[in-house]
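Right, one structure below, let's go through it.
Numbered from 1 within each chain, the chains take letters A, B, ... in sequence-line order.
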Amino acid sequence: KAGVTQTPRYLIKTRGQQVTLSCSPISGHRSVSWYQQTPGQGLQFLFEYFSETQRNKGNFPGRFSGRQFSNSRSEMNVSTLELGDSALYLCASSLGLAGGLAYEQYFGPGTRLTVT
Amino acid sequence: KQEVTQIPAALSVPEGENLVLNCSFTDSAIYNLQWFRQDPGKGLTSLLLIQSSQREQTSGRLNASLDKSSGRSTLYIAASQPGDSATYLCAVSWQTSYDKVIFGPGTSLSVIP
């Protein structure tokens with residue numbers, strides 16, 4: 001069974017630009033969660049999508065958005081990039097809603113975003 | 001305020017040693033607690049998930065225990081191997097804020113051959 005895949009793996013963008021990251025969950029998983037990991041703030045929850053609907057949201061500005069398609073694949077978009085958005089962005093998939101760690105989450109390798 | 005801490009931030013041990021990693025949390029009314037490992041530059045791998053009604057979970061050389069009254073979970077690794085070298089993170093969710101998950105900062109473990 002293929003694991004969670006994320007594309008691209010590395011990305012360099014300039015301040016003010018926007019970026020779209022993609023995540024393909026494990027086959028059969030309906031939930032996709034997104035996380036931001038930085039050395040200063042650690043791992044922080046962005047949002048979770050289940051059945052094409054955002055179910056949970058972390059404490060991030062509206063510049064961070066996402067969506068989920070009918071095949072459960074998900075995209076995350078960051079608009080008007082800031083230097084502080086440089087981070088490793090991880091997505092995780094699970095069979096059911098992962099809120100509260102109710103279901104085991106399987107993580108992808110991440111997308112390393114550098115904003116210059 | 002709900003917080004998760006992990007001490008120490010880094011740990012270095014010789015191969016073969018048994019070791020304990022700590023995860024502390026405020027607010028004992030937790031829902032679930034999960035331990036992960038992260039290899040450099042990679043995603044997280046789930047190790048053990050403990051529900052609030054459980055006291056411990058075991059998988060191979062790993063044993064995770066949960067003591068809600070003291071706000072602590074420990075991850076015990078038996079007979080450590082160089083392949084265990086990674087960062088270990090714990091994540092906690094609470095009954096009062098079910099959909100909120102907070103990750104600890106992690107403990108970086110090095111097992112020296």
For the CG atom on Asn59(A), are there more than 12 heavy atoms of other groups (residues, nucleotides or ligands in this structure) within a distance under 6.0 Å?
no

Sort by residue number and list every member of residues 32-48 of chain B having a non-hydrogen atom under 4.5 Å from chain A.
Asn32(B), Leu33(B), Gln34(B), Phe36(B), Gln38(B), Gly41(B), Lys42(B), Gly43(B), Leu44(B), Ser46(B)

Is Leu95(A) linked to Leu49(B) within one hydrophobic cluster, defined over Ile, Leu, Val, Met, Phe, Trp and Tyr using a side-chain heavy-atom separation of less than 4.5 Å?
no

Same apolar cluster (I L V M F W Y, side chains within < 4.5 Å links), Leu62(B)/Val92(B)
yes

Quick check: are there more than 12 heavy atoms from other residues, nucleotides or ligands sitting under 6.0 Å from OH of Tyr103(A)?
no

Using only non-hydrogen atoms and a strict under-4.5 angstrom cutoff, which residues of residues 4-12 of chain A touch chain B?
Arg9(A)

Is chain B contacted by the side chain of Leu88(A), its backbone, both, or neither, given a heavy-atom distance below 4.5 Å?
side chain

Portion of Gln37(A) that has a non-hydrogen atom of chain B nearer than 4.5 angstrom
side chain

Indicate, with yes or no, if Val101(B) and Leu90(A) share a hydrophobic cluster defined by side-chain heavy-atom contacts under 4.5 Å among Ile, Leu, Val, Met, Phe, Trp and Tyr.
yes

Answer with yes or no whether the hydrophobic clustering places Val32(A) together with Phe60(A); edges join I, L, V, M, F, W, Y residues whose side-chain heavy atoms lie under 4.5 Å apart.
yes

Group every Ile, Leu, Val, Met, Phe, Trp and Tyr by side-chain heavy-atom contacts under 4.5 Å, then state whether Phe45(A) and Leu21(A) land in the same group.
no

Hey, is CZ on Arg72(B) packed in by over 12 heavy atoms from elsewhere, all under 6.0 Å?
no

Could you check whether atom CZ of Arg15(A) has more than 12 heavy atoms from other residues, nucleotides or ligands sitting under 6.0 Å from it?
no

Positions in residues 105-116 of chain A that reach chain B, provided some heavy atom is under 4.5 Å away:
Gln105(A), Phe107(A), Gly108(A), Pro109(A)

Can you list the residues that meet the ring pair (Phe, Tyr, Trp, His ring centres under 6.0 Å) rule with Tyr76(B), with sequence neighbours excluded?
none

